[in-house]
Amino acid sequence: MIEVLTNEYRLLSLPADAESVELDMGCGKGKFTLELAQRYPKRLVLASDVMLGRLRRIEQKVLHQKIPNVRLLRAESAQLVRFQLPWRSVDRIHILCPDPWPKEDKRPLRRLVSTQFLCTLPRVLKPGGTLHLSTDHQPYFEAWQEMLAKLPFFTPDPGAIADVRDLKTDFELQWEAQGKSVGHLAFRLGN
Ligand SMILES: C[S@@+](CC[C@H](N)C(=O)[O-])C[C@H]1O[C@@H](n2cnc3c(N)ncnc32)[C@H](O)[C@@H]1O
């Protein structure tokens, strides 16, 4: 028997009048999403996560605070990029404090950011669009630098996140409260 996993679908058309489209991938509790959307009301902010409960709590805040420019997507990140988002539809992708799966010897396939994953991003990023990554986990950070240095279609562009560098995610605040520092990287699609 085939079970229905979700019982409601709504087609989301990306509004043509949005100044830009930002994607907070693995948005968690949504602090970054909400602050980004409130700061830049003309931008459309897509927030995706696999955990429905987290998205529901963000939805309550979006409704309570009347934030019109947020759309919540329950989606697995790799699938979202490979199959769900329209071609060249996003100006900036934020992947902030993704689970580092530190026991990589046992769980090499669970990390989201791999060379294979990075190679799928040009499908959804607009030319000149930005990839923004952050983590407190130094080995993951170094692995990103190594992978991205080998991908000719990404160019380092730290200035591309200047407008959001002061916005902190829930996890970033948590790590900083524990005395850890969170490193950020920004790369532009194209030269
Ligand atoms: C460590 S939390 C970080 C949340 C948020 N970005 C922050 O910094 O506070 C990682 C989030 O990514 C989500 N997540 C993990 N793997 C995912 C995947 N493959 N697809 C979509 N969401 C995922 C988790 O449910 C969780 O909310």
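Whatever order the structure lists ligands and atoms in, that order sets their numbers, starting from 1.
For S48, no heavy-atom contact with ligand 1 is shorter than 4.0 Å. Only the side chain of R54 comes within 4.0 Å of ligand 1, counting heavy atoms alone; its backbone N, CA, C and O stay farther away. Residue S134 does not touch ligand 1, judged by heavy-atom distances below 4.0 Å.
Under the 4.5 Å side-chain criterion, counting only non-hydrogen atoms from C-beta, Q38 is in contact with Q65. Here the side chains of L167 and R39 are in contact, with some heavy-atom distance below 4.5 Å. Two residues are said to be in side-chain contact when any heavy atoms from C-beta on lie closer than 4.5 Å; V45 and R71 fail this criterion. C27 is listed as a side-chain neighbour of L55, based on a closest heavy-atom distance under 4.5 Å.
The ligand atoms of ligand 1 that sit less than 4.0 angstrom from a heavy atom of G28 are 4 (C), 27 (O). Close approach to C27 involves these atoms of ligand 1, each under 4.0 Å from a residue heavy atom: 5 (C). In the vicinity of E76, heavy-atom distances shorter than 4.0 Å reach the ligand 1 atoms 18 (C), 19 (N), 20 (N), 21 (C). Under a 4.0 Å criterion applied to the non-hydrogen atoms of L96, ligand 1 contributes the atoms 3 (C), 5 (C), 6 (N), 7 (C), 8 (O). Within ligand 1, counting atoms from 1 as listed, the ones closer than 4.0 Å to a heavy atom of A75 are 20 (N), 21 (C). Those atoms of ligand 1 with a heavy atom of T169 less than 4.0 angstrom away are 7 (C), 8 (O), 9 (O). Using a 4.0 Å cut-off to heavy atoms of D170, the atoms of ligand 1 that qualify are 9 (O).
A salt bridge does not link K29 with D170: every distance from a Lys NZ or Arg NE/NH1/NH2 to an Asp or Glu carboxylate oxygen is 4.0 Å or more. Salt-bridge annotation for K31 and D24: absent, with no side-chain N of the basic residue lying under 4.0 Å from a carboxylate O of the acidic one.
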Exercise. Are K150 and T115 close enough, and set up right, to give a side chain to side chain contact (heavy atoms under 4.5 Å, CB included), and what steps lead you there?
Worked result: CA-CA 9 Å; K150 290 181 188 152; T115 298; over 6 Å; no

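Summary of contacts: the protein heavy atom closest to atom 21 (C) of ligand 1 is S77 OG, 3.1 Å. Closest to atom 3 (C) of ligand 1, if we only count protein heavy atoms, is C97 O, 3.3 Å. Here the heavy atom of the protein found nearest to atom 9 (O) of ligand 1 is F171 N, 2.9 Å. Here the protein heavy atom with the shortest distance to atom 24 (C) of ligand 1 is D49 OD1, 3.5 Å. The nearest protein atom to atom 14 (N) of ligand 1, hydrogens excluded, is given as V50 CG2, 3.9 Å; this is a heavy-atom distance.
When only interatomic distances are considered, the shortest N/O to N/O separation between L112 and ligand 1 does not fall below 3.5 Å.
With hydrophobic clusters built from ILVMFWY side chains whose heavy atoms lie under 4.5 angstrom apart, Y140 shares a cluster with I93. Criterion: ILVMFWY side-chain heavy atoms under 4.5 Å apart, direct or through other members. Under it, F187 and L133 are part of a common hydrophobic cluster.
A side-chain donor-acceptor contact under 3.5 Å links H184 and E172.
For the atom pair OG of S20 and NZ of K42, the computed distance is 11.5 Å after rounding to the nearest 0.5 Å.
Closest heavy-atom approach to atom 15 (C) of ligand 1 among the candidates D99, L52, V81, V182: D99. For atom 4 (C) of ligand 1, the choice among A47, P100, G26 with the nearest heavy atom turns out to be G26.
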